[in-house]
Each structure stands twice: as structure tokens, then as C-alpha cells.
Amino acid sequence: MASKRLFQSVAAQIAELIDEGAYPPGTRLPGERELAEKLGVSRVTIREAEIALQAIGRLEIKTGSGVYVSESRRALGDALPEASAFEVTEARLLVESESAALAAHNISEEGIAKLEVLIEQMRSGTEEEANEADEQFHLTIAEASNNAAMVHTIRSLWRMREELPQVKATYASVCVHDADSRTEEHRAVFDALKARDPAGARAAMREHFHRLLESMLEATERKALEEVQQQATQSRERFLASAKIG
């Protein structure tokens with residue numbers, strides 16, 4: 001927790017330097033090493049702070065070129081929390097299930113038609129097109145809830161899904177293997193909405209997120225096992241190498 005607060009504090013310091021005119025819009029920030037020495041932290045903390053500032057539009061990280069101050073700015077208060085993929089998905093389960101129930105009462109025929117097109121794009125489009133259709137599917141349902149607070153919350157959760165690096169990586173590792181399940185689950189939500197069935201829409205959306213959470217747990221277990229196996233292999237190689245020397 002302390003390390004998380006540290007990079008957030010450093011992000012605030014960098015933002016303050018930008019606001020004071022030390023680094024005007026469009027200019028390149030000093031390198032990680034220089035900033036680390038200036039602020040008395042590690043280069044890793046600087047990198048994390050820069051990623052956080054990029055997420056809220058204060059910085060632009062250009063691979064191979066450096067980190068630049070954005071021409072436009074959003075308030076530091078718009079910063080995303082350091083949530084895990086599990087936390088984001090749990091929140092989505094709670095909020096989007098109720099959003100679907102509300103949408104079943106309110107969604108228009110045009111909304112139903114749009115959802116059907118988006119499901120087809122998820123089924124037959126490229127990975128990028130499928131992901132875009134997935135997001136639009138959920139946001140279309142949110143808007144059909146006719147609840148502005150709920151729409152804002154769901155848009156914020158999608159920002160976390162797309163802009164928090166670890167969350168985005170976790171979703172990518174799961175969704176790429178579960179394309180067929182994802183399409184079927186969205187079809188179940190669609191069928192309930194088309195039938196104007198609030199309880200069915202809520203249940204179908206909850207089932208979608210429950211399956212997603214289970215897939216994330218399985219992916220986490222696989223990754224942990226791979227890391228243990230890799231460590232065991234490295235230890236074995238070091239032991240064999242030392243044995244030859246001896």
C-alpha cells in the first residue's frame with residue numbers, strides 16, 4: 001500500500017511542477033534517472049507515476065522518444081484508483097447487472113437492433129473490432145437504463161478496464177481465449193432484453209461476470225504455476241552449473 005501511495009504522491013509532485021510552468025505543455029520531461037534524483041525516489045516509481053499521469057491525460061509517453069507534457073489537461077482528481085482486475089470485475093457485476101434489469105424496462109427497438117449488430121461484430125469481427133463491439137454493447141445497455149449516475153459509473157469502470165495496465169492485460173489474457181463464451185453470454189443478455197425480462201437480464205449479466213471472474217482465477221493460477229516452474233528450472237540450471245565447477 002505504501003508503494004502505491006508513493007507513486008501517487010510523486011505523480012502529484014510532477015503535476016505540480018507542470019502547473020508551475022517548470023515543464024510547459026508540449027515539452028519533453030527529463031529522463032527517469034534525472035527525475036528520480038530530483039524527487040528522491042526510484043526510477044520504477046517515476047515510471048509508475050508517469051503512467052498514472054498519462055492515464056488522466058497530463059502526459060503522453062512516446063516509445064523511443066520520451067515523455068511529453070500534454071497540450072490539454074485533466075484534473076488530477078480524475079485519476080483512476082489502483083484497482084485490480086478482480087475488483088473492477090466485481091464492481092461491474094454489481095452495477096451492470098442492475099443496469100441490465102433497468103434497461104429491460106426502457107430499451108427501445110432501435111437499441112435492441114443495435115445490440116444485435118454488436119453481437120454479430122463480436123462473433124465475426126477481428127479481435128479489435130470484437131473488443132470495440134463488446135464495450136459498445138455494455139454502454140448501450142447502460143444508456144438504456146435511463147440512469148445518468150449509472151451510465152457515469154459504468155463508463156468509469158470501462159476506463160479502468162482500458163487504462164489501468166494490469167487490468168487491461170488481465171482482460172486481454174482471458175477474453176482472447178473465451179471469445180465463443182463471451183458471444184454466447186452476450187446473446188443471453190440480449191435475449192432477455194428483447195423479451196423485456198428484467199430478472200432474466202440481471203441473471204444473464206451476472207452469469208457473464210461470474211464466468212469472467214472464474215476465468216481470471218484460472219489464468220492467475222496458470223501464471224503462478226508457470227512462474228514456479230520457471231524458477232525451478234533456473235535453480236536446477238544454477239545447481240548443475242555449480243556442480244560442474246566444483
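All values below were derived from every heavy atom in this structure, side-chain atoms included, with hydrogens, water molecules and symmetry-related copies excluded.
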Pairwise side-chain contact, [X] with [Y], heavy-atom cut-off 4.5 Å (strictly under):
X      : Y      : result
Phe7   : Glu82  : yes
Arg43  : Arg33  : yes
Ile141 : Ile154 : no
Leu157 : Met160 : yes
His186 : Leu115 : no
Glu110 : Thr140 : no
Pro24  : Val69  : no
Val67  : Arg28  : no

side-chain contact (heavy atoms from CB on, under 4.5 Å) assessment of Met216 paired with Thr170: CA-CA 7 Å; Met216 286 180 177; Thr170 300; 4.0 Å; yes
Side-chain H-bond candidate by donor/acceptor type, Arg187 with Thr183, under 3.5 Å: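 The criterion, which ignores hydrogens and geometry beyond distance, is not satisfied for Thr183 and Arg187.
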Shared hydrophobic cluster, [X] / [Y] (ILVMFWY, side-chain heavy atoms < 4.5 Å):
X      : Y      : result
Val95  : Val151 : no
Leu212 : Leu217 : yes
Val189 : Val117 : no

More than 12 heavy atoms from other groups under 6.0 Å of CD on Glu162: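 Buried by this count: over 12 neighbours within 6.0 Å.
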Heavy atoms from other residues, nucleotides or ligands near CD of Glu20 exceed 12 (cutoff 6.0 Å):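 Enclosed: over 12 neighbouring heavy atoms sit under 6.0 Å from CD of Glu20.
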For [X] against [Y], the heavy-atom pair lying closest together:
X      : Y      : value
Leu53  : Ala15  : CD2-CB, 4.2 Å
Ala83  : Val167 : O-CG2, 3.4 Å
Ile18  : Arg58  : CG2-NH2, 3.4 Å
Phe190 : Ile112 : CE1-O, 3.3 Å
Ala85  : Tyr171 : O-CE1, 4.5 Å
Tyr68  : Gly26  : CD2-O, 3.7 Å

side-chain contact (heavy atoms from CB on, under 4.5 Å) between Glu128 and Asn131, intermediate numbers included: CA-CA 5 Å; Glu128 183 177 351; Asn131 288 335; 5.8 Å; no
Residue pairs involving residues 95-107 (criterion side-chain hydrogen bond (donor to acceptor under 3.5 Å, both in side chains); sequence neighbours excluded):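 Of all non-adjacent pairs touching residues 95-107, those that pass side-chain hydrogen bond (donor to acceptor under 3.5 Å, both in side chains) are Arg92-Glu96, Glu96-His138, Glu98-Arg202.
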Inter- and intrachain pairs under side-chain hydrogen bond (donor to acceptor under 3.5 Å, both in side chains), touching residues 141-153, at least two apart: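 Residue pairs with at least one partner in residues 141-153: Glu143-Arg155.
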SB check Arg123 Glu120 (cutoff 4.0 Å):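 Yes.
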Expected output: side-chain [X] to main-chain [Y] donor-acceptor under 3.5 Å:
X      : Y      : answer
Thr89  : Leu213 : no
Arg196 : Ile107 : yes
Asp134 : Ala130 : no
Glu214 : Arg211 : no
Glu87  : Ser84  : yes
Glu60  : Ser70  : no

Worked check of side-chain contact (heavy atoms from CB on, under 4.5 Å) between Val44 and Glu32: CA-CA 8 Å; Val44 171; Glu32 287 178 2; over 6 Å; no
Step-by-step side-chain contact (heavy atoms from CB on, under 4.5 Å) determination, Leu164 to Arg159: CA-CA 8 Å; Leu164 294 176; Arg159 273 193 65 208; over 6 Å; no
CG-CD1 distance between Leu29 and Ile61, expressed to the nearest 0.5 angstrom: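 That separation rounds to 9.5 Å.
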